Amino acid sequence: MARLNIEAALNDPQLQAVRTIEGPVLIIAGAGSGKTRVITYRIAYMLDRGIPQSAILALTFTNKAAREMEDRVKELTGKKLQNLTMSTFHAFGVKILRDEIEALGYRKNFSIYDETDRNQLIKDSLRECHLSVEGTDLYALGQLFSHIKLGSVRWGDGADAAYQPVYEEYQQSLKVFNALDFDDLLVLPILLFEQYPAVLEQYRHRYRYLMVDEFQDTSITQYRLMRLLTDQGEKNVCVVGDDDQSIYSWRGASYENILRFEQDFPGLTEIKLEQNYRSTTTILEAANGVISNNTNRKTKTLWSGNTGGKPIELYHPQNESDEADFIAAQIRTLLMQERLKYDDFGVLIRTNAMTRSIEEAFLAENIPHRVSGGTSFFQRKEIKDILSYLRVIANADDDVNLLRIINTPRRGIGKTTIMAIAELARKNHSSLWDAMGRLRYAPDTLFQEQGKAEIDEFMGLIEGYKEDILGKRGLSQKVRSLVDTIDYWGYLITEYNKAEKIARWKFRNIEYLMQSIANWEHDPDNLDPTLYPYLNRISLITRDDGEDEAGKGKVNLMTIHASKGLEFPVVFIAGAEEGVIPHTRSLEDGDRSLEEERRLFYVAITRARDKLFITSCLTRRHLSSTVECTPSPFLAEIPSHLVEEPEGPVESDTEAEQFFALIKSKFT
DNA sequence: GAAGAGTAGATTTTT
DNA sequence: TCTACTCTTC
């Protein structure tokens, strides 16, 4: 391999961070201080010193970050990295459970429930306990269940004990369905390790070098898992984080893990990376001006070698569509004037719903773009339908997914039939599939022959594909045949008979899905291209993170949360209004959340390398009405000498332009 | 008993 | 704008 020349590539603190591979290490890495660089060099350095790939475990926060890091290490070392484990905490949990879950009384073909599946199950559990679904805040109840499961709240003690039976029903159902929710992916490995020390010992023995990225965004549960793996012996664990960029506390993340780490690992090496290589002084000063208003933070001074920089430009468009047009027009101008490329631009928004207007403007202006976040591809109804078939083929006891497809496309198994099956399942404490199996051959039932025949046909369909797919290759071909057999196209046509366009578009999505399965299956690095690994993988992907090259040459449109860890020469922050950032929903629960919103704004600013645009609309459509907006209070925290703010609102399109746009849209 | 039509209700951030 | 649930019709 090419000789690793780390001295030339790194500054002193970075060098120290890379070379200190023994013992506990805490790296406080400010925004743009070369954190990813340090982590990748550190791994390369370890490999260079002869530490085997299989001994290294690097945990990240998102799949995207994991993949990116892997690519960079690959690039740096020129090695194949088949035994290096780089994944999210959740994916690591799945990996453990896939091998060991039988010890906990589940089967290996477990299903993983996403938010939608989980909400469905919570609804069913509520009904089962004779509580009204309409009168319950499902989101809040889901959060409560999470807290209970993760052990941060107890019944009666901050948690409404009235919901305890619902929780128990929920848990029991998961067990019967052989399904896990996202929390289980962390909690069950911990349980496993606590109950079976010998298993834990195996993992400790294997993973002797641990790294945790985005440490400020780990939860206490993730911390416990990490600690179990590193508490004994050499304690070669390195965590990298920045308390100022902690933006996931609503998901249980706690930057206090940094303090906890200091306590639990005495004698650790602490390294601060404070030199910012990314942004101009202007941008950095603005960011510092904002974040210094937070009270709860570790002291840290970011400085930059780049002096000066272009001013930050703040605009006030009339409404969100003017805002979108403005951004599109600026991109067009800068492309020509500054010779920038499309992928030099990042457009950051607070909520997914804000993508729409901007995307429309990009489409109208013919600006190639990529949206990450947003309603994930895998959340679309048509995709979920097809995937539900696959999930049921993998694990027929999965009632939630079974119910989704049992009559989709319609095959004459209606409400009454399903109720009867559910009744039998309830009596036997079994899954629906199990109950159907009984009904299928039972001579004496309340069922008419008609219903029975349909159940028989449905079960036959699933069983046939089970035979054909499980453990076998050629997945994408078989999915294609499945889609044909159930005539999903025919279903779409009848369901959307008034809008063939929609039906066609939905079917195209399914084509994409099959294409992506094919890509995954033909990836030479993929050693096991069968159904289970596929389902495990996609269950944890929320973003439509198209394969590596897909983002090249495109403007990046994403939420601020999704932008963490990325950087762009030019950044637009859209919707810098009170109620958007800070978001109304977060203002409801106090100062701690306000500080988190400020950190979010800080993260957004620090994504920019050279130039930052901020737009704050005068009005914005919200739900179905238009509301007046006031600028975000955070804007006033940016030192005013850094900002250029043209008077008055941005000009909206002249009538002539609108006319041309209309003509143009008719031709496209 | 199932299919189709119509109407609420909903939009913070993600594994 | 879209989806999930309810009510009506066949």
Side-chain angles (χ1 to χ4, degrees), chain A residues 59-66 87-94 112-116 118-120 123 133-134 137-139 146 180-186 214 217-219 221-222 246-253 348-357 360 372-376 378-382 384 404 407-420 447-448 450-451 454 491 494-499 502 506 538-543 545 558-564 575 579-589 593 596-597 599-600 603-604 621-624:
Chain A
L59 295 170
T60 60
F61 194 67
T62 60
N63 297 300
K64 198 159 113 196
S87 72
T88 61
F89 271 95
H90 289 83
F92 182 59
V94 172
I112 300 169
Y113 280 2
D114 67 12
E115 192 93 349
T116 321
R118 181 177 190 247
N119 278 344
Q120 201 58 48
K123 277 185 208 164
V133 175
E134 299 76 47
D137 181 345
L138 275 183
Y139 180 77
S146 271
L180 311 183
D181 63 19
F182 279 135
D183 298 324
D184 286 326
L185 300 182
L186 303 173
E214 304 288 5
D217 283 326
T218 52
S219 67
T221 312
Q222 290 167 329
S246 164
I247 53 175
Y248 282 92
S249 71
W250 47 274
R251 228 183 77 186
L348 308 185
I349 51 193
R350 174 68 235 268
T351 68
N352 284 311
M354 294 166 72
T355 49
R356 183 167 297 142
S357 54
E360 276 168 11
S372 26
T375 11
S376 153
F378 292 101
Q379 305 263 54
R380 296 183 193 286
K381 190 182 174 306
E382 59 278 18
K384 282 213 86 155
R404 177 179 272 279
N407 204 30
T408 305
R410 303 195 189 282
R411 53 171 68 87
I413 304 181
K415 216 173 180 176
T416 331
T417 314
I418 292 172
M419 292 289 270
F447 274 137
Q448 304 170 344
Q450 179 75 28
E454 266 128 18
Y491 163 74
T494 41
E495 290 296 295
Y496 300 93
N497 58 351
K498 284 183 200 127
I502 298 180
K506 282 179 182 281
I538 56 152
S539 301
L540 297 174
I541 291 181
T542 45
R543 267 182 230 139
D545 33 7
M558 64 183 80
T559 63
I560 302 171
H561 282 88
S563 76
K564 203 170 63 160
V580 177
I581 181 164
H583 198 275
T584 328
R585 289 291 276 262
S586 80
L587 289 174
E588 286 160 10
D589 36 49
S593 302
E596 175 145 322
E597 294 285 310
R599 287 195 292 272
L600 199 51
V603 168
R621 282 183 80 84
H622 192 245
L623 293 168
S624 48

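We name chains A, B, ... by the order of the sequence lines, and we start the count at 1 in each one. Since we're looking at a predicted model, the values are computed, not measured.
A:Ile581 places its CD1 atom 11 Å from the C1' atom of B:dT12, with the value rounded to the nearest Å. Atom pair A:Met354:CE and B:dA10:C1' shows a separation of 18 Å (rounding to whole Å applied). Following rounding to the nearest Å, A:Arg621 (CZ) and C:dT1 (P) show an atom-to-atom distance of 9 Å. Between the P atom of B:dT12 and the CG atom of A:Leu138 lies a distance of 14 Å, rounded to the nearest Å. Separating the CD atom of A:Glu596 from the C1' atom of B:dT13 is a distance of 9 Å, rounded to the nearest angstrom. In this entry the distance linking CZ of A:Arg599 with C1' of B:dT12 reads 15 Å, nearest Å. Rounded to an integer number of Å, the gap from A:Ile349 CD1 to B:dT13 P is 9 Å. To the nearest angstrom, P of B:dT12 lies 12 Å from CD of A:Glu115.
Between the CZ atom in A:Phe61 and the NZ atom in A:Lys564 there is a gap of 5.5 Å [rounded to 0.5 Å].
Residue ring and nucleobase are not stacked for A:Trp250 and B:dT12 under a centre distance beneath 5.5 angstrom and an angle between planes beneath 30°. For the pair A:His561 and B:dT13, the ring geometry does not qualify as stacking, because the centroid separation below 5.5 Å and plane angle under 30° are not jointly satisfied.
Residue A:Thr559 has a polar side-chain atom (N or O) positioned under 4.0 Å from OP1 or OP2 of B:dT14. Look at A:Ser586 and you won't find any side-chain N or O under 4.0 angstrom from OP1 or OP2 of B:dT13. When the side-chain nitrogen and oxygen atoms of A:Thr417 are compared with OP1 and OP2 of B:dG1, none of them lie within a distance under 4.0 Å. Between A:Asn352 and B:dT12 there is no side-chain N or O to OP1 or OP2 distance below 4.0 Å.
Salt bridge absent: A:Glu115 and A:Arg118 never bring a charged side-chain N and a carboxylate O closer than 4.0 Å.
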Query raised in the report: What string of B, S and - do you get for nucleotides 2-10 of chain C 5' to 3' if you count protein non-hydrogen atoms under 4.0 Å?
Result: -SSS-----
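Within the nucleic acid shown, A:Tyr139 comes within 4.0 Å of at least one base atom, counting heavy atoms only. Among the atoms of the strands shown, only primed sugar atoms or phosphate atoms (P, OP1, OP2) are found under 4.0 Å from some heavy atom of A:Phe61.
Side chain of A:Asp184 to main chain of A:Asp181: a donor-acceptor pair is present (N/O by atom type, distance under 3.5 Å, no hydrogens or angles). Put simply, the side chain of A:His90 never gets that close to the backbone of A:Leu186: no donor and acceptor are under 3.5 Å apart. A:Asn352 contributes no side-chain N or O that, together with a main-chain N or O of A:Thr559, makes up a donor-acceptor pair within less than 3.5 Å. Proximity of a side-chain donor or acceptor of A:Glu597 to a complementary backbone N or O of A:His583 within less than 3.5 Å is detected. When atom types are taken as modelled, the side chain of A:Thr417 and the backbone of A:Ile413 share no donor-acceptor pair closer than 3.5 angstrom. In this structure, the side chain of A:Ser586 does not engage the main chain of A:Ser593 through any donor-acceptor pair within 3.5 Å.
In this structure, A:Lys384 forms no cation-pi arrangement with A:Phe378, as its terminal cationic atom is not both closer than 6.0 Å to the ring centre and no more than 45° off the ring axis.
Under 3.5 Å, the side chain of A:Arg350 and the base of B:dT13 form at least one donor-acceptor pair of N or O atoms.
When all heavy atoms are compared, the tightest approach of A:Leu600 to A:Ile560 is O-CG2, 3.4 Å.
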I'd like a list of close polar pairs between nucleotides 3-5 of chain B and the protein, N/O only, cut-off under 3.5 Å.
{"from": "B:dA3", "atom 1": "OP1", "to": "A:Gly412", "atom 2": "N", "distance (Å)": "3.4"}
{"from": "B:dA3", "atom 1": "OP2", "to": "A:Asn407", "atom 2": "ND2", "distance (Å)": "3.1"}
{"from": "B:dG4", "atom 1": "OP2", "to": "A:Arg410", "atom 2": "NE", "distance (Å)": "3.4"}

